[in-house]
Undergrad: 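Handing you this structure, nothing more for now.
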There are 2 protein chains.
Amino acid sequence: MLTIGKLGEAAGVKVPTIRYYEQIGLLPEAERSAGNQRLYGRKAQERLAFIRHARDLGFTLEAIRDLLSLSDKPDQSCAAADAIAKAQLAEVESRIARLIALKAELERMVVQCAGGRIADCRVIEVLGDHALCATDHRHPEVEPAH
Amino acid sequence: MLTIGKLGEAAGVKVPTIRYYEQIGLLPEAERSAGNQRLYGRKAQERLAFIRHARDLGFTLEAIRDLLSLSDKPDQSCAAADAIAKAQLAEVESRIARLIALKAELERMVVQCAGGRIADCRVIEVLGDHALCATDHRHPEVEPAH
DNA sequence: CTTGAAGCTATAGTTGCTAGAGACATTAGA
DNA sequence: TCTAATGTCTCTAGCAACTATAGCTTCAAG
């Protein structure tokens with residue numbers, strides 16, 4: 001049995017994150033030691049690894065919740081799991097496409113900046129006027145990492 | 001002079017978002033009508049367009065705050081603005097690289113799924129075991145859009 | 001003049017954690 | 001065995017960048 005710290009180390013997940021996953025019901029409530037500390041066995045370890053891996057692949061916690069509940073029903077069809085993965089793939093693809101458009105526009109901006117005064121700066125100028133843009137990079141969906 | 005609704009429509013920004021930008025000091029406090037409603041002139045409109053455009057290009061509000069304060073000092077060097085844009089470009093590039101790795105892994109997963117039972121599902125299996133992955137897609141930094 | 005849309009403030013919720021406070025548990029070394 | 005350091009406990013609040021809700025007031029059209 002592992003303490004929460006060892007488990008986190010093993011899975012590459014920070015301790016508060018594990019407690020958070022328990023709190024939102026993604027991990028079951030852990031067994032406790034005599035001194036009320038959480039203890040984890042192999043099953044919990046595998047479940048956490050699953051979560052971590054899915055997070056690494058960009059799945060949301062909601063999607064992971066669904067995937068986990070599917071993985072608990074080995075005899076059902078895997079169509080639902082497949083659909084979740086495909087949706088995630090589509091999401092990733094659309095984010096890539098969008099980021100590539102952004103990259104092009106940022107490159108244009110940066111290259112054109114001659115390094116003079118702000119008043120002549122292409123970066124500032126282009127930001128002030130979308131008409132100066134080559135590509136149509138509107139629409140949201142670009143959020144950065146934490 | 002535009003009301004907040006008209007301004008939002010013109011700039012493609014929702015009304016509460018404009019109020020939020022004012023609240024965090026990204027937009028100056030708006031003039032008010034006799035009935036206490038916000039009124040915006042051309043300057044505010046340009047400033048909001050700048051913010052919107054920069055957001056579309058993925059700049060954080062903090063970066064935008066810096067860019068705006070730079071654009072208020074037309075005689076200074078534009079090196080700082082250039083640096084901010086270059087940092088954003090680097091950020092976008094690294095996100096693209098990471099997403100491409102994710103895409104490859106998700107494609108592998110989806111293609112291998114034969115569509116049978118959960119117990120045989122490659123999607124579930126791969127998520128449970130990172131060793132089954134071809135690429136090294138670890139590290140965070142993938143957060144989705146809001 | 002009335003009605004419905006648009007505006008106001010203030011607060012809370014979203015996602016996926018992370019950080020802090022203050023108290024208890026465990027473990028390694030002297 | 002004692003002690004000090006580390007680990008763990010709960011609870012609360014904070015991050016980005018909004019979005020949504022509630023309960024009010026103001027405005028514009030018919």
Side-chain angles (χ1 to χ4, degrees), chain A residues 1-27 29-40 44 48 51-68 88 91 95 139-146, chain B residues 1-27 29-40 44 48 51-68 88 91 95 139-146:
Chain A
M1 297 295 257
L2 301 177
T3 62
I4 196 169
K6 298 294 175 193
L7 177 68
E9 213 172 307
V13 173
K14 285 180 191 150
V15 166
T17 304
I18 299 174
R19 288 196 280 248
Y20 169 71
Y21 287 161
E22 178 182 311
Q23 190 196 310
I24 63 169
L26 214 56
L27 289 175
E29 291 197 12
E31 283 179 62
R32 298 297 181 117
S33 73
N36 196 37
Q37 303 197 343
R38 289 173 180 82
L39 292 177
Y40 298 91
L48 182 57
I51 295 170
R52 171 70 210 260
H53 193 193
R55 283 297 294 139
D56 278 349
L57 285 165
F59 289 91
T60 65
L61 293 182
E62 259 319 288
I64 294 171
R65 196 187 293 279
D66 293 345
L67 288 167
L68 280 169
Q88 175 62 13
E91 173 68 34
R95 249 186 280 162
H139 312 299
E141 321 161 30
V142 197
E143 287 315 297
H146 289 310
Chain B
M1 297 295 259
L2 302 176
T3 62
I4 196 169
K6 298 295 175 193
L7 177 68
E9 212 172 310
V13 173
K14 285 180 190 148
V15 167
T17 304
I18 299 175
R19 288 196 281 248
Y20 169 71
Y21 287 161
E22 177 182 312
Q23 190 194 310
I24 63 169
L26 213 56
L27 288 175
E29 292 196 14
E31 284 179 64
R32 298 296 182 120
S33 73
N36 196 38
Q37 302 197 344
R38 289 174 182 82
L39 291 177
Y40 299 91
L48 182 56
I51 294 170
R52 170 71 211 259
H53 193 193
R55 283 297 295 139
D56 278 349
L57 285 165
F59 289 90
T60 65
L61 293 183
E62 259 319 287
I64 294 171
R65 197 186 293 278
D66 292 345
L67 289 167
L68 281 169
Q88 175 62 13
E91 174 69 35
R95 250 186 279 161
H139 314 299
E141 321 160 31
V142 197
E143 287 314 297
H146 291 308

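Heavy atoms only: backbone and side chains are in, while hydrogens, waters and symmetry mates are out. As the structure is a prediction and not an experimental result, all values here were calculated from the model. Order of the sequence lines sets the chain letters (A, B, ...), proteins ahead of strands, with each chain counted from 1.
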Undergrad: Checking A/Arg19 now: which residues fulfil side chain to side chain donor-acceptor pair (under 3.5 Å) with it, not counting sequence neighbours?
TA: none
Undergrad: For A/Glu9, what residues pass the side chain to side chain donor-acceptor pair (under 3.5 Å) criterion, not counting sequence neighbours?
TA: none
Undergrad: Return the value, rounded to whole Å, for the distance between atom NZ of A/Lys6 and atom P of C/dT26.
TA: 15 Å
Undergrad: Given D/dT8, C/dC17, C/dT9, which nucleotide is nearest the side-chain atoms of A/Leu61?
TA: C/dC17
Undergrad: Using the side chain to side chain donor-acceptor pair (under 3.5 Å) criterion, which residues pair with A/Glu22? Sequence neighbours excluded.
TA: A/Arg38
Undergrad: Does any non-hydrogen side-chain atom of B/Leu27 lie less than 4.5 Å from one of B/Ile51?
TA: yes
Undergrad: Starting at atom CG of A/Leu2, determine the distance to atom P of C/dT27, rounded to an integer number of angstrom.
TA: 13 Å
Undergrad: Quickly work out the A/Glu29 CD to D/dC9 C1' distance and round it to whole Å.
TA: 14 Å
Undergrad: May I have the distance from B/Glu62 (atom CD) to D/dA17 (atom P), rounded to whole angstrom?
TA: 8 Å
Undergrad: Can you give me the N/O atom pairs linking the protein to nucleotides 20-30 of chain D at distances under 3.5 Å, or say none if there are none?
TA:
{"from": "D/dC27", "atom 1": "OP1", "to": "B/Gly35", "atom 2": "N", "distance (Å)": "3.2"}

Undergrad: From the list D/dT8, C/dC17, D/dC18, which nucleotide is the closest neighbour of the side chain of A/Thr17?
TA: C/dC17
Undergrad: Given D/dC18, is OP1 or OP2 found less than 4.0 Å from the side-chain N or O atoms of B/Arg52?
TA: no
Undergrad: Can you tell me how far apart CD (A/Glu91) and CZ (A/Phe59) are? Round to the nearest 0.5 Å.
TA: 11.0 Å
Undergrad: Please identify each residue that fulfils side chain to side chain donor-acceptor pair (under 3.5 Å) with B/Glu62, with sequence neighbours left out.
TA: B/Arg65
Undergrad: Could you tell me how far apart B/Leu39 (CG) and C/dG7 (C1') are, to the nearest whole angstrom?
TA: 11 Å
Undergrad: Using whole Å, report how far CZ of B/Arg65 lies from P of D/dA17.
TA: 10 Å
Undergrad: Can you confirm whether B/Leu26 sits close enough to B/Tyr20 that some side-chain heavy atom of one is under 4.5 Å from a side-chain heavy atom of the other?
TA: no
Undergrad: Whether the side chain of B/Gln88 engages the backbone of B/Gly58 through a donor-acceptor N/O pair (distance < 3.5 Å, no angle test) should be reported.
TA: yes
Undergrad: Roughly, in whole Å, what's the span from CZ in A/Arg32 to P in C/dA25?
TA: 12 Å
Undergrad: Answer yes or no: is there a side-chain heavy-atom contact under 4.5 Å between A/Tyr40 and A/Ile18?
TA: yes
Undergrad: Rounded to whole angstrom units, what separation is found between the CZ atom of B/Phe59 and the C1' atom of D/dA16?
TA: 17 Å
Undergrad: Which of residues 18-25 of chain B have a heavy atom under 4.0 Å from DNA chain C?
TA: B/Arg19
Undergrad: For a quick test of reading the model: is some side-chain N or O of A/Arg38 closer than 4.0 Å to OP1 or OP2 of C/dA25?
TA: no
